[in-house]
Structure formats: structure tokens, C-alpha cells
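Have a look at the structure below before the remarks.
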Amino acid sequence: MTLILGLESSCDETAAALVDSDRRILAHRVAGQEAEHSPFGGVVPEIAARAHVNRLAPIIAGVLADAGVSLADVDAIAATAGPGLIGGVMVGLVTGKALAHAAGKPLIAVNHLEGHALSPRLVEPGLAFPYLLLLVSGGHCQLLLVKGVGDYRRLATTIDDAAGEAFDKTAKLLGLGYPGGPAVERIAQDGNPNAVPLPRPLVGSAEPHFSFAGLKSAVARAAATGTHSIPDLAASFQQAVVDCLVDRSRIALSACPDATAFVVAGGVAANGAIRAALTDLAARFGRPFVAPPLWLCTDNGAMIAWAGAERFAAGLFDDLSVAARPRWPLDPAAETVRGAGVKA
């Protein structure tokens with residue numbers, strides 16, 4: 001039995017958690033930054049980094065107290081080392097290094113995307129490799145074959161915006177506030193998803209990748225006409241995203257007959273309409289559908305602690321000289337796609 005302390009600070013949630021190798025979450029705490037960023041309609045990196053500096057140490061002390069353990073009882077420190085906003089990543093990683101050095105514990109530098117990718121295994125002990133993962137969040141939209149810890153094959157990525165990024169920008173455009181994803185989902189419940197004709201970029205094409213920039217622009221043009229209600233615009237946008245995710249996932253499922261399950265993770269996976277559509281898609285292919293509980297989809301310390309536990313079991317540790325990384329692909333060998341640049 002091993003006990004891992006996980007630290008997460010890659011964007012605008014400051015989080016820590018204690019998770020053991022028996023999949024027990026002994027304690028977890030998350031502090032959001034909505035009040036700090038709402039006036040700007042999105043995350044301001046410098047503000048986020050300063051908030052992490054102020055909040056991380058009390059949160060760590062809090063989870064240790066909640067679990068009734070000391071740092072001496074922890075077997076390793078797992079900290080997000082990227083990808084993400086580099087200031088925030090540095091706060092969490094430097095803190096993890098300091099704790100590991102002071103307590104004489106191993107350091108595990110966790111790829112934030114691997115935290116999302118492995119999080120379903122924290123709550124589903126029977127989820128076996130390899131599984132097909134749709135990783136969909138504010139900064140990333142990828143389809144990956146998860147073959148094992150540290151072993152990923154990227155099947156598709158976004159050539160421009162991520163789905164979560166499109167949600168946030170659409171929410172700002174429609175005056176719905178921040179964070180955008182939950183705001184769009186709430187008001188979409190009162191709208192007609194077929195009211196506004198919007199494009200479904202790449203749907204029906206043989207290309208496996210995603211594209212959401214054109215959809216976001218189409219929403220802006222439709223809103224400018226003044227002929228559509230905000231709920232109808234939100235509902236129609238959300239349905240377009242659903243259709244794109246389902247179509248691209250269909251291609252990946254067809255290409256992965258040996259995948260044990262179809263898994264979705266990341267902040268956008270908390271969207272109810274998206275979950276329902278992906279559940280139906282998995283059923284059409286006769287695959288189990290696995291999604292973490294809603295709180296585990298958004299950024300949190302438990303997923304980092306669990307990824308640390310998986311890497312600990314595999315004997316994968318890091319030196320204290322490990323660097324924070326703003327970009328860190330899960331599949332470094334994946335070919336860069338047109339238009340993707342650093343998002344590949």
C-alpha cells in the first residue's frame with residue numbers, strides 16, 4: 001500500500017489530494033479562481049500564478065490534516081509538471097520538489113494530460129488497457145489509445161481551438177460569464193438545438209481531427225444578426241460540438257477494435273449533453289462507456305495523485321532537476337497536423 005500526495009496548479013484551480021494505491025481518496029481540496037478571473041472573461045496567467053502561491057501551502061496542510069497523516073507518512077510527492085500556464089505549473093512543481101527534498105521522498109513529475117487519461121482507472125478498477133480516450137478540456141481535444149502508463153498513441157487532435165476553448169469564447173461572446181462551459185450548458189437547456197444553422201467542421205470527412213474555430217466564428221455571425229435568442233444560440237452551439245465529438249470519436253472507435261472501452265475525461269466531459277451522446281455512441285459499438293464523476297473531470301489533485309500512484313508502481317520517478325513544461329504531448333512521436341502548431 002502506497003500513499004501519494006498529488007499537487008495540481010496548471011491553470012486556475014489550486015488543488016491537492018492524498019490517494020493510496022488501493023484507490024482510496026483520503027482527502028482532497030480544490031480552490032477555484034472564478035472571482036479573480038471573471039472580470040476579464042477568462043484566465044489571466046499572472047493572476048493565476050499569484051493565486052497558486054497564496055493558496056497551495058494552506059491546501060496541502062489542509063489535506064494532510066483532513067486525512068490525519070503527516071508528510072512523513074506519504075510515500076511520494078506527485079506534482080503537475082506541465083502542460084499548462086507556465087507560472088502556475090512552476091508554483092506546483094517547485095512546491096513538490098521542496099516537499100520531496102525536505103521529507104526525503106521520491107518526486108513524480110506528472111503530465112497533466114496523463115492525470116486526466118488515467119483518472120477513470122481511479123474509480124473503475126476493472127478498466128484495463130488499452131482503452132480509447134476522448135480527452136476534451138479547455139486547452140486540449142484529443143483522441144488517444146491508452147496502451148499503458150506512459151504509453152499513448154494519439155489518433156486525433158484539434159487543428160485550431162479545443163472544444164472547451166470554444167465553449168469559453170462562445171460564453172464570452174454571448175455575455176454568459178466565466179467559466180464558459182457550465183454557463184453555456186445551463187442556458188442551453190432553455191433553447192432549441194436546431195434553431196440556428198451552424199457548421200459542423202470536418203464532420204463526414206476522412207480526416208480524423210477536430211476543428212472548432214469556424215464554429216465559434218459562425219456563432220459570432222449568427223449573434224450579430226440579432227434574430228436569435230441567447231438560449232437558442234447556446235443550444236445550437238452545444239449541439240454542433242456534440243455532433244463533432246461524436247463523428248470524430250466514431251472514426252477512432254472504428255480504428256481501434258481491440259480497445260476495451262470508450263473513455264471520456266477532461267473538463268468538457270462534465271457536460272451532460274456530451275456524456276449522453278457519447279454513451280449512445282459507445283453502445284452502438286458494443287463498448288463499455290466510462291467517465292469519471294463530474295468533480296474528477298475538472299482539474300483536481302486526486303487525478304495527479306493517482307497518476308503518481310500508477311507511475312510509482314511502475315518505478316517511474318523523477319530527479320529534482322526536472323523542468324516545468326508549458327507544452328508536453330502524451331505522444332511525442334505523433335505527426336504534427338496542419339494548423340495545429342504547438343497544440344499537436
Side-chain angles (χ1 to χ4, degrees), residues 3-32 34 59 62-63 66-67 78 80 110-129 131-144 146 149 163-164 167 179-186 188-189 238 241-242 245 249 260-283 287-310:
L3 180 62
I4 310 297
L5 172 64
L7 311 180
E8 160 60 18
S9 60
S10 66
C11 191
D12 60 335
E13 278 92 16
T14 311
L18 285 160
V19 175
D20 69 21
S21 55
D22 202 30
R23 293 178 165 85
R24 294 186 303 164
I25 302 172
L26 279 69
H28 71 93
R29 291 192 180 195
V30 181
E34 293 182 16
I59 284 177
V63 297
D66 292 344
T80 297
V110 174
N111 185 313
H112 176 83
L113 303 182
E114 184 167 52
H116 281 303
L118 297 177
S119 64
R121 284 172 48 85
L122 173 58
V123 292
E124 292 287 342
L127 179 59
F129 302 120
Y131 53 85
L132 178 65
L133 169 70
L134 172 61
L135 176 54
V136 57
S137 67
H140 304 276
C141 190
Q142 301 180 20
L143 282 157
L144 299 144
V146 181
V149 178
F167 267 99
V184 170
E185 183 178 12
R186 280 194 301 270
Q189 296 174 0
Q238 179 175 266
V241 173
V242 167
L245 294 176
S249 298
T260 62
F262 180 39
V263 178
V264 63
V268 180
N271 181 285
I274 290 173
R275 282 196 177 217
L278 296 177
T279 301
D280 291 343
L281 177 66
R287 307 287 177 82
F289 178 71
V290 178
L294 300 185
W295 74 268
L296 195 54
C297 289
T298 53
D299 292 351
N300 62 87
M303 71 178 190
I304 302 304
W306 176 248
E310 295 249 39

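Note that the structure is a prediction, hence the values are computed from the model and not measured.
- For the pair L143 and S249, the minimum side-chain heavy-atom distance is below 4.5 Å.
- When side chains are defined from C-beta on, V263 does not count as touching V146, because their heavy atoms never get closer than 4.5 Å.
- Taking the side chain as every heavy atom from C-beta outward, Q142 and L113 approach each other to under 4.5 Å.
- The cationic group of R121 lies under 6.0 Å from the six-membered ring centre of F129 and within 45° of the ring axis, placing it in a cation-pi geometry.
- No side-chain heavy atom of D280 sits under 4.5 Å from any side-chain heavy atom of F289.
- Shortest non-hydrogen contact noted between Q238 and A188 is NE2-CB, 3.9 Å.
- A distance-only check finds no donor-acceptor pair linking the side chain of D22 to the backbone of R24 [under 3.5 Å].
- For the atom pair CE (M303) and CG (L122), the distance works out to 11.0 Å, reported to the nearest 0.5 Å.
- Contacts of D299 classified as side chain to side chain donor-acceptor pair (under 3.5 Å), with partners at least two apart in sequence or in another chain: H112, H116.
- Under the side chain to side chain contact (heavy atoms under 4.5 Å, CB included) criterion, C297 pairs with A269, A270, R275, P292, not counting sequence neighbours.
- A heavy-atom distance below 4.5 Å is not found between the side chains of E34 and D12.
- Nearest heavy-atom pair across L7 and I304 is O-CG2, 3.5 Å.
- With hydrogens and angles disregarded, no donor-acceptor distance shorter than 3.5 Å links the side chain of T80 to the backbone of S10.
- A donor-acceptor distance shorter than 3.5 angstrom exists from the side chain of E185 to the backbone of G272, with no hydrogens or angles considered.
- Between N271 and V184, the closest side-chain pair of non-hydrogen atoms is not below 4.5 Å.
- Between I4 and V19, the closest side-chain pair of non-hydrogen atoms is not below 4.5 Å.
- When atom types are taken as modelled, the side chain of N300 and the backbone of T298 share a donor-acceptor pair closer than 3.5 angstrom.
- Considering every non-hydrogen atom in both A302 and W295, the closest pair reads CB-CH2, 3.8 Å.
- No side-chain heavy atom of V290 sits under 4.5 Å from any side-chain heavy atom of Y131.
- The nearest pair of heavy atoms linking G301 to A15 is N-CB, 3.4 Å.
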